[in-house]
Structure formats: C-alpha cells, structure tokens
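Side-chain atoms are counted along with the backbone in the values below, which use heavy atoms only and exclude waters and symmetry mates.
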Amino acid sequence: MSVELAFLLLYFAAVISIGIAVSRRSSKSEEGFLLGGRSLGAPVTALRLQSTSMSGYMFQGAGGLGYQQGYYSMWYALGDLGGGVINLSILGRRMRKLSHLMGSITSIGYLENRYPSPAVRLVAAPIALFSMFFYVLAQLLAGGQGLSLVTGLDLNIALIVAIGIILIYTFLGGYLAVAYSGFLQAIIMVLGMVWILVATVNHVGGLTAGHEGLAAINENLLTMWGAEGQYLGQWGIIIGAVLIFAIGGMGWPHVTVGHMSMKRSSIARDASLYATGFNLLFIPSAYLIGMLGLLIVPNLDNPEMAIMEIAYVVLPPFAVGLVMAAIMAAIMSTADSLLLQTGTIAAHDIIGRFLKKNMNERTAVKVSRYTILVVALIGLTFALIRPPGVFEIVVFATSVLGSAFVPAYVCAVWWKKANAPGAIASMLAGAVGAIGAELLGLSESMGLDPMLVGIVLSTVAIIVVSLATQKSHPLPPEIVEAVEETNRVRRIPKNLAILQDTALSTQRPMVDDEGIRQHSTDGE
Amino acid sequence: MFGLPLETTLIMGGGVLFWVGYTLVFYFSTKRWSLEDADYDNPIAEEETQA
C-alpha cells in the first residue's frame, strides 16, 4: 500500500468513526440530528463554518484561477478572508438568539418563522434545493475526481466510494458528525495547504524569486487586473469577485445553520478569531500556489489540477498523502453539510411541513436520514453523467444562493419592518436576477457579476416591498418583540413566547422579575 | 515588496490589514455579549445554586 493511500484510509476511518461515535446522541431528537443539540463551542463552530464554506474549489478552482490569471485571483481571496468574521459578526449572535426565541431548527424553517407565511417556505425551499443540489453535485464530482487521482481508481468507482463514505457518517451522525468532522477536516486542510505552500515557495527559490519568474512569463500576472489586463476598470466584475465570498456565505443555508447550533450566542466572538486565523493561513495560499505552479508545472491542460500536480513535484510521498487527504477533506466538508441541508430541507421543510405534519421525533430523524440517502443517490446518478466544469457550477450555485438569501437572513435580525411579502420578493428577485445575468452573459457584455446583479435586486426588493406592504401584511407582535429582543444584549425576559417548535422551549431557561431562573418544561 | 508591483502590494496588504482590524474591533467591542451566556449555560444547576 502506498503512503498516500494509507493517509487517505486513515482519514476516511476517522470521519466514519466520528459518525458512529455520535450516532446515538444524534438519533434522540430532530434537534439533535439537525443542530447537534445546539451544543457547539467556538473552535468547532468557526472551523466547521470555514471548512464548509471553502469546498473543493480551494484546491481546484482557486489554484486554477491563480494559474491562469495571476494576482487577479486574489480579489476572490481578499473577499473570502473576511467571509467568516462578516458572517459571525452580522448574523452569529442575533441568528442564534432569534432562532432560539422562535424555536427554529432548520435554516429554511427559521425564515418561515421570522416571516410568518407558508409561502416563504414554499419559495425558499425550492430555491435552496435547486442551488444546493448543483453545489453538492459539484462537490461529489470533485470528490470522485480527487479520489480517482490519488488511488488510480476508475472515476465511476471513485465516485461511488467517495459518496458512500460521505453518506455513511452524515447518515449516522447528522449535524454533530458533520460539525466534528468539519473541525477535523479544517485542521487537515490548513496543514496540507501550508505544507504545500512552504514546499512550493522553497522549490522556486523563495517568494521574490517566484514573483520574478512569473514576471518573466507575463508581467500582468503580478497585477490585480488579469493576465491580459482585461479586468482593469471592470469594477462590476471585481466587486462581484470580492462579494461572492465576503458576504455570499450569509445566504448559504448550509453555512448559516451553524449559527443556530452554537452553544451560546456569544460563541460568535471567539469563533471570529478562529475563522480569520484559519482564513489568513489557508485562503491566499491556494491562489499563490496556483500562480507559482506556472514555474513548476507549465502548460497544464487542466489548470484546476495545478495544486495536485504541484504536490507530486514538490512534496515527499508521505506529505503528498496528507495533501491528498486535505483535498478530500475540503471537498467532503462541504459535501456533507450540503447533503445534510438538502436532505433536511426536503424532509423537514417540505415533507414534514406540508405532507406529513405530525411525525414524532424519532420518525422525523428517520425521514431526514432516508431523505439524505435519496439525495445522495440522485447526486451519484448525476455525477456519473459528468456535468461540465466544477468551478462554473459552484460559482453559479453560490451566486444564486447568496443573491436569494443574503437580504432575507440579514434583514431577519436587523430590520423589524422586513415582512413576508418583502422576503418572498427578495428571494425571487435575487434568484431570477442571478440566473438571468448568468444566462444573458452580463459579466462578458456589461462587466456585471451575476451575484452583484442578484444581490442588488434582492436588496431593493425586500426594502421596497416590505415598506409597501406594512399595512396589508404587518408582522405579528410576538415576532416584532422577538426581533427587538434580539437587538438587545441582555438576558431573555420570561414573558417572551416560544413560537413554533415547542419542544425547544425546554432548552430555554427563563428569568423572572427577581432574576430567579426557571426552566420551562411545557413551552409556555 | 517580494518582487510585487507597489499597487499590488498596497491592495493585498490593505485587504489583509482591513480584515485583521475588523476582526479585532469586532472581538473587543462585543465583550458585553457574555451577559447573555447565563441564558444558555447549565440553567438547572444555576437555578439550584440561586435557590
């Protein structure tokens, strides 16, 4: 057995063990399966958030972009560096508190609770399902490709193995397995990326020598304006490149669900330090390695393979194994979260909400698990068909998600006038805007990034429609009170009612007028 | 710096410093958030202590 393969098998065994270890704890309730019992601390919250956000794109698309466009690619890195802290500072504490007050246990259910109308879930769930399915498809395909490259397995067999492993621990352990494995995966990812960066810089004779080598090939590679200088003045494209990862994550249900699973709302503070620390080490490295690849593995047919090809050249075999495990970790940490959220939306937000309303906790967990199985099998089928370029699919799906959901999630906790018609208009305008801009090729013809188009439309829509419908669709007083309470930093007063999922009220301690804590058991 | 054009160095350095600064300002300006911790930490045990 090769050393690379041994590393991979060790990694696979670790994530499956996590799934088995937490499966009993996750099976007790829906909240346990979908939110890990809201028990996660700062390191796991932050590194799960980052490993979930990063995806296989960082080892493939990011390196490929650096390889092709040089320092222009760093616009994406500059946005991505702040993605974690932006998400935690804007949404973290407030979303944790509001979801707790409203008893929300899924990221789409949270939207319906905040914007009380079944139509909100009817609009949100299909948009999320559509985008996340394409996103998960890209990750599953990347997982198969990565495994095939490392092991030499036929791609179809590698796809089945990679998807099978993700399915095992997600199926067994639910959110807790996804979170703990995400934590482990983040550590493997950063170790692998930093190791390959150090080896790459060393291989080219240092960073300055590397830059001089790139300048000798094409001086434009060291500018922020593209290999041909084609992005000079293209601020629509550049702002979109920065925004997509800086604020796009606030609209990704598989990422924002992490806020709802924090043990305490203040966890967001410490988590921001972990998130930014991880990002500084991990993100610029990917693009820089890709650029320096031009000096090490020139003339690649597929630039997305740059980092993998570089690893084979600059690292000893045992380190290649770690890097390959890191690549699989990046892919799997996103794929498992997407798979869990896609299954959750289908099971809880569609089946449980509209078709089979009175499931008990254990039945609901079973439905979630089997829905995940079905989604994975559908994903495998599509992956075997081989849709085109991973990068395009991921960017497209993330653009739609970000455009459709960022204003809805942000306004949910920051603007009490945001109401159901505004949220629905925003989600539709964002999704249609991003898809339309992509199909019309606005980035090429007008220099406008699809996400920029989508997010401007969705933001305008939620503001205009909410204001126009304040009289016809006022928010219920208890929601207004919950949002106002979320804005305040203080202990939760006992008069606030728990809304939809009364089972969650047992979590929330109450404080009476004398400050004596009372633990509610009946949801009243 | 490191063989990069000045413009690239300034954009990259400025971007990194901005996010590091944002993170530190956020961290140190939200110390009050711990006021809410009591609502989530081991409520039953604390209730017994107070009683």
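- A salt bridge between A:K97 and B:E36 is present, with a side-chain N of the basic residue lying under 4.0 Å from a carboxylate O of the acidic one.
- Looking at every heavy atom in both residues, B:L35 comes nearest to A:R491 through O-CG, 3.4 Å.
- Neither the backbone nor the side chain of A:N279 comes within less than 4.5 Å of any heavy atom in chain B.
- At a threshold of 4.5 Å between non-hydrogen side-chain atoms, the residues B:F18 and A:L81 do not count as touching.
- Annotation: the span from A:R488 atom CZ to B:R32 atom CZ amounts to 12.0 Å, rounded to 0.5 Å.
- Heavy atoms closer than 4.5 Å to chain B are found nowhere in A:A77, neither backbone nor side chain.
- For B:T30, the side chain to side chain contact (heavy atoms under 4.5 Å, CB included) test picks out A:R269, B:F26, B:W33, with sequence neighbours left out.
- At a threshold of 4.5 Å between non-hydrogen side-chain atoms, the residues A:M224 and B:M12 count as touching.
- In this structure, B:Y22 and A:T276 have side chains that are not in contact, with every pair of non-hydrogen atoms separated by 4.5 Å or more.
- By the 6.0 Å contact criterion, CD on A:Q230 is enclosed, its count of non-hydrogen atoms from other residues, nucleotides or ligands being greater than 12.
- Contact check for A:Y71 versus B:E7: no side-chain heavy atoms found under the 4.5 Å cut-off.
- A distance of 10.0 Å separates OG in B:S34 from CG in A:D270, rounded to the nearest 0.5 Å.
- With chain A as the partner, the residue from B:G14, B:G15, B:P5 showing the most heavy-atom pairs under 4.5 Å is B:P5.
- In terms of heavy atoms, B:F2 sits closest to A:T208 at CA-OG1, 3.3 Å.
- Looking at heavy atoms from C-beta onward, A:V85 lies out of side-chain contact with B:Y27 at the 4.5 angstrom threshold.
- Contact annotation for A:L280: only side-chain heavy atoms (C-beta onward) come within less than 4.5 Å of a heavy atom of chain B.
- Across A:T223 and B:T8, no two heavy atoms sit closer than the pair CA-OG1, 3.6 Å.
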